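Working notes for the structure below.
Residue numbers begin at 1 in each chain, while the letters A, B, ... track the order of the sequences. Owing to the predicted nature of the structure, the values given are computational and were not obtained by experimental measurement.
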2 protein chains.
Amino acid sequence: MKAYIDQNKDRFLAELLELLRIPSVSADASFKGDVVRAAEYLREKLAAAGADNAQLFQTAGNPIVYADKIIDPSLPTVLVYGHYDVQPADPYELWNSPPFEPVIKDEKIYARGACDDKGQTYMHVKAFETMMQQQTLPCNVKFMIEGEEEVGSVNLATFVKENKARLKADIIVISDTGMLANDVPSVTTGLRGLSYHEVEVTGPNRDLHSGLYGGAVANPINILCKMIASLHDENNHITIPGFYDKVEELSAEERAEMARAPFSLDAYKKALDLSDVHGEEGYSTMERNSIRPTLDVNGIWGGYTGEGAKTVIASKAFAKISMRLVPHQTSEEISELFQKHFESIAPPSVKVVVKPHHGGEPVVTPTTSAGYQAAARAMEDTFGKKPVPVRSGGSIPIVAMFKSELETDTVLMGFGLDSDAIHSPNEHFGVFNFMKGIETIPLFYQHFAALHAQNA
Amino acid sequence: MKAYIDQNKDRFLAELLELLRIPSVSADASFKGDVVRAAEYLREKLAAAGADNAQLFQTAGNPIVYADKIIDPSLPTVLVYGHYDVQPADPYELWNSPPFEPVIKDEKIYARGACDDKGQTYMHVKAFETMMQQQTLPCNVKFMIEGEEEVGSVNLATFVKENKARLKADIIVISDTGMLANDVPSVTTGLRGLSYHEVEVTGPNRDLHSGLYGGAVANPINILCKMIASLHDENNHITIPGFYDKVEELSAEERAEMARAPFSLDAYKKALDLSDVHGEEGYSTMERNSIRPTLDVNGIWGGYTGEGAKTVIASKAFAKISMRLVPHQTSEEISELFQKHFESIAPPSVKVVVKPHHGGEPVVTPTTSAGYQAAARAMEDTFGKKPVPVRSGGSIPIVAMFKSELETDTVLMGFGLDSDAIHSPNEHFGVFNFMKGIETIPLFYQHFAALHAQNA
């Protein structure tokens, strides 16, 4: 199979670049047409690769691409999940090349979605083509590729509930996470959940002259800043009552195990040009961004933000505030705690509205499962060393939903790197990583089928 | 003269509307052409009204309109100052009619600049025309109308320094302030100064995924909020060390005198739809917005502010922060204290840049001066009652500059109202106020000339 993959490398890359040229931004309705084009492109490629039933399922939002290949009902079935929608690309001016005009530079593919998740999803399409061409597909496969992951997979749950039989599988595999390094393969065994809110603080009923009114009325921007500041104490603990009540506390052994993963604080600070790191007292950087919950402002705006100086007191100020959750916290519970607390800390001189966006549940995937074992063996085959199990700070909310709706475990076999700048300007994906993924996936199928046969 | 003014009312208004149609926004370079058009329009009208030497003086920024009428060097000279530039009109969507398509509704002129300061400046042009037509000009007059007041009069000082002889006068009159009410005439005897800064907080060197990095790096928005929040204590006192050292403390008598000015807290809260007022402990609303210094955020921005939810940690966050100053504070001193303090409270995990914008000095104009006395008598003639002397919270930085450069006092005889919504959507100016101004100004000239003759 390696030979086939090597021979077709240029075409595989060319096809991915074509997909990356489609600005399928799900957060902005003005890209709706491109979103559908990206879905159609994947449907065509799956059919061309030999999949059956390749089709788009319409939802209340963006379509879901489905395709399958059932070679023998007695064999196990792998369900591949991915997403073809991407994050907004702004600020555009910080990109070295336009986000939707992909280029390959220094063996890296630069484009919005290069890694998250078009690049990683397309590895599966090409791995499938390879197995079909080489007649080495060892089990059944189903594809479910959605277009709303970056906006909270708002319509996926409905689709899954209504298509349980169609989606029946023995394992779900997702490549939407990263590895520690190209020479330190890893498999993600845990994900943080998410609670996301937009808040609006209203002071006076209109913008006011800061000279005539300054000092006498509540300035909604100053108030919003005070409210946000109060959400962390001096040790950077989150002050929302009850926020930590259900947080999973890791044992000293587990923390020691985590600490063994290779990590250089200096390299980390250098890469981000940080004079110092910043976070919750009593936890390491690796712990802060994986096993601990967080609260971050993702956006803030209010008043005059244009050129020059305008002496105005704004009527309203806004912020987008999200919390990352860890096992045993639920997004619903935390969202309620946040909303209640945020409204309670508003002074009587302002009005506050809290609008919850989507949420997601934290998950931990067992390293004992056949799925994890198959992924670990496949990576050992292609990387020459056993992968390290790691907790990731990111969220893939649908993993918890798959478990509850389909009663199926998920294995998170990702090939990206932290340095890929996903969600940032100049997002990229290594050609090495893209090709390694295409090589590793068929081996995962083989190991999974073999383990399944043993256990049967 | 009253008859002439009444007969020409419609034309006076029509000419003002024509001036208001020109979007002379000085804060935004893209309006540069309109700024020059507005200056040219005033130059023409002054010449048409009978002024000599009507011309535009070029500066490093926007032109200054100058004109004069010297009828007898032995008579006193009044220098009229005004500005033809206006504040930005955004947010446009909150205007009931387009800001640069003036309409008269319910006896009010609606447009950006209707009051501040095109309407109030144009009263002087039409009052001058009236005195010329009626041959009742009792003294010499000079006009200096600038186009950069809303951006800090950055080039006016240079012009004044270079034209001291040309600008020599016995009194400067400015109509760029308000009255307490149409039946409670007042003259402004004090103004607050201004110190205005733009701050930039930088965390990581690029936008980051809030899942992978959240909790482990300083979020510049959260940090900026904490820094801004710390600038006021729980009593809403400003915490910048030394900030209050030179603040003029009014005597109990002076505060009691101020408290006699008609003011209804309920009406104030109702007008702004405030559930409660908010400000410095130990001072009344009227004191908070006039005799006390303030610190307000005029604008804030950072991260993702678009539609939907983006899970990003921004690299940078920004705010525009201004302070209103009271007598004995200087903008330079306060700007230094602010910059030093703001940089000092930044945690080591971020970088902070403070960029000072323009500043302005607070002033108090003596009620004993001939200028104030002439204004008081003129208003008593037209309003039928003595005006109340009031301290205004706003800033007209150039008043202090005129005093130091030209050694000339200024009288602040304004005809606007707090409810005119200057700097806000739906700015307006009462037709009553516009006409009252045109009636009152010639009487000011007469009283000033008479007082001058007595004192001579």
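- In terms of non-hydrogen atom pairs under 4.5 Å with chain B, the most contact-rich of A/P88, A/S392, A/A314 is A/P88.
- With chain B as partner, the option from A/L224, A/I300, A/N289 having the largest number of non-hydrogen pairs under 4.5 angstrom is A/I300.
- If you measure heavy-atom distances from A/I223 to chain B, the contacts under 4.5 Å come from the side chain alone.
- A 4.5 Å side-chain heavy-atom check between B/N222 and A/I228 finds at least one atom pair inside the cut-off.
- Residue A/S275 touches chain B through both its backbone and its side chain, counting heavy-atom pairs closer than 4.5 Å.
- With respect to chain B, the highest number of heavy-atom pairs below 4.5 Å among A/V350, A/N205, A/T202 belongs to A/N205.
- Contact of A/K320 with chain B is made through the side chain alone, with heavy-atom distances under 4.5 Å.
- By the 4.5 Å heavy-atom criterion applied to side chains, A/P204 and B/D273 are not counted as neighbours.
- A/R288 places no side-chain N or O within 3.5 Å of a backbone atom of B/G214 that could act as its donor or acceptor partner.
- Proximity to chain A involves both the backbone and the side chain of B/D90, based on heavy atoms less than 4.5 angstrom apart.
- Side chain to side chain, A/T311 and B/H423 meet the donor-acceptor criterion of an N or O pair below 3.5 Å.
- Interface check for chain B: of the options A/G308, A/S349, A/G303, the most heavy-atom pairs under 4.5 Å are formed by A/S349.
- Contact of A/Y283 with chain B is not made at all, since no heavy-atom distance falls under 4.5 Å.
- Considering only heavy-atom pairs separated by less than 4.5 Å from chain B, the leading option among A/V217, A/T285, A/V277 is A/V217.
- Residues B/L94 and A/R206 have side chains not in contact (no heavy-atom distance under 4.5 Å, counting atoms from C-beta outward).
- Using a 4.5 Å cut-off between heavy atoms, B/Y196 contacts chain A through its side chain alone, with no backbone atom that close.
- With a 4.5 angstrom heavy-atom cutoff, B/K351 touches chain A only via side-chain atoms.
- The parts of B/P348 that come within reach of chain A are both its backbone and its side chain, each placing non-hydrogen atoms under 4.5 angstrom from that chain.
- A distance-only check finds a donor-acceptor pair linking the side chain of B/K226 to the backbone of A/H232 [under 3.5 Å].
- Contact annotation: the side chain of B/Y213 never approaches that of A/D296 to less than 4.5 Å [non-hydrogen atoms, C-beta and beyond].
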